[in-house]
Amino acid sequence: MIKVILGFKRRQGMDVQAFRDYRRDVHAPLLFAIPEAKKIRRFVVSYPLLESNSPEPRFDAVVEAWFDNEDDMDALFLSENFQTKVDPDHVHFIDLSSVVRIVSEETVVVE
């Protein structure tokens, strides 16, 4: 199993709730409307808890996407649909300079 982990900040000038709403209501439907998204086995978005006494979190969201193998991952991210319909939308809600991406092989230690 291959897992892609993405961490990123919201674009400048966008408040936290608008960022979360846009990702859920606009961006996610774009992604899951393309046929290549069927290669995704699991998809999770995590948001930091906003605590008044804590420093600002490094990321406004962390996304995890699981694939059976690297070929399936590439089939999504390198597809024309992703490149022309999904990827261009990122600029509307993500600070692209903040994106950190890790491709990993997941090992479950406790379940």
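Computation of the quantities below employed the complete heavy-atom set of this structure, encompassing side-chain atoms and omitting hydrogens, waters and symmetry-equivalent molecules.
A donor-acceptor contact closer than 3.5 angstrom links the side chains of Asp95 and Ser97. Counting only N and O atoms by type, the side chains of Tyr47 and Arg23 include a donor and acceptor under 3.5 Å apart.
In this structure, Tyr22 has its ring center at least 6.0 angstrom away from the ring center of His27. For Phe82 and Phe77, the ring centers sit closer than 6.0 Å to each other.
To the nearest 0.5 angstrom, Phe8 atom CZ is 5.5 Å from Phe93 atom CZ. Here CG of Asp87 is found 11.0 Å from CG of Leu31. Values are rounded to the nearest 0.5 Å. Here the CG-CG distance, from Asp68 to Asp72, works out to 5.5 Å after rounding to the nearest 0.5 Å. Here the straight-line distance linking atom CG of Leu6 with atom NE2 of His90 works out to 7.5 Å at 0.5 Å rounding. Distance check, rounded to the nearest 0.5 Å: CD1 of Ile2 to NZ of Lys39 gives 14.0 Å. For the atom pair Asp15 CG and Asp21 CG, the distance stands at 8.5 Å (nearest 0.5 Å).
Counting non-hydrogen atoms of neighbouring residues, nucleotides and ligands closer than 6.0 angstrom, the NZ atom of Lys9 exceeds 12 such neighbours. Atom CD of Glu105 is surrounded by 12 or fewer heavy atoms from other residues, nucleotides or ligands within 6.0 Å. The local environment of CD in Gln83 is crowded, with over 12 non-hydrogen atoms from other residues, nucleotides or ligands closer than 6.0 Å. Within a 6.0 Å radius of CZ in Arg24, other residues, nucleotides and ligands contribute more than 12 heavy atoms.
Put simply, the side chain of Ser79 never gets that close to the backbone of Glu36: no donor and acceptor are under 3.5 Å apart.
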message: Evaluate Arg58 against Val100 for side-chain contact (heavy atoms from CB on, under 4.5 Å), listing each step before the verdict.
response: CA-CA 11 Å; Arg58 178 155 181 217; Val100 174; 4.0 Å; yes
Pair Ile94-Val99, side-chain contact (heavy atoms from CB on, under 4.5 Å): steps then yes or no: CA-CA 8 Å; Ile94 294 175; Val99 176; 3.8 Å; yes
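For the pair Val45 and Glu64, the minimum side-chain heavy-atom distance is 4.5 Å or more. Contact of the Phe32 side chain with the Phe43 side chain is registered, since non-hydrogen atoms from C-beta on lie closer than 4.5 Å.
When the side chains of ILVMFWY residues are joined at heavy-atom separations under 4.5 Å, either directly or via intervening members, Phe67 and Ile5 end up in two distinct hydrophobic clusters. Note: the hydrophobic cluster containing Val86 also contains Leu96 (ILVMFWY, side chain heavy atoms under 4.5 Å, direct or indirect links).
When all heavy atoms of Val4 and Met73 are compared, the closest pair comes out as CG2-SD, 3.2 Å. Nearest heavy-atom pair, Arg11 versus Val91, reported as atom, atom and distance to 0.1 Å: CD-O, 3.7 Å. In this structure, Glu111 and Val108 approach most closely via the heavy-atom pair OE1-CG1, 3.5 Å. Between Phe59 and Pro48, the closest heavy-atom pair is O-CG, 3.4 Å. Between Phe19 and Met14 the shortest heavy-atom distance is CA-SD, 3.5 Å.
Seen from the ring of Trp66, Arg41 does not count as a face-on cation partner, given the 6.0 Å and 45° thresholds.
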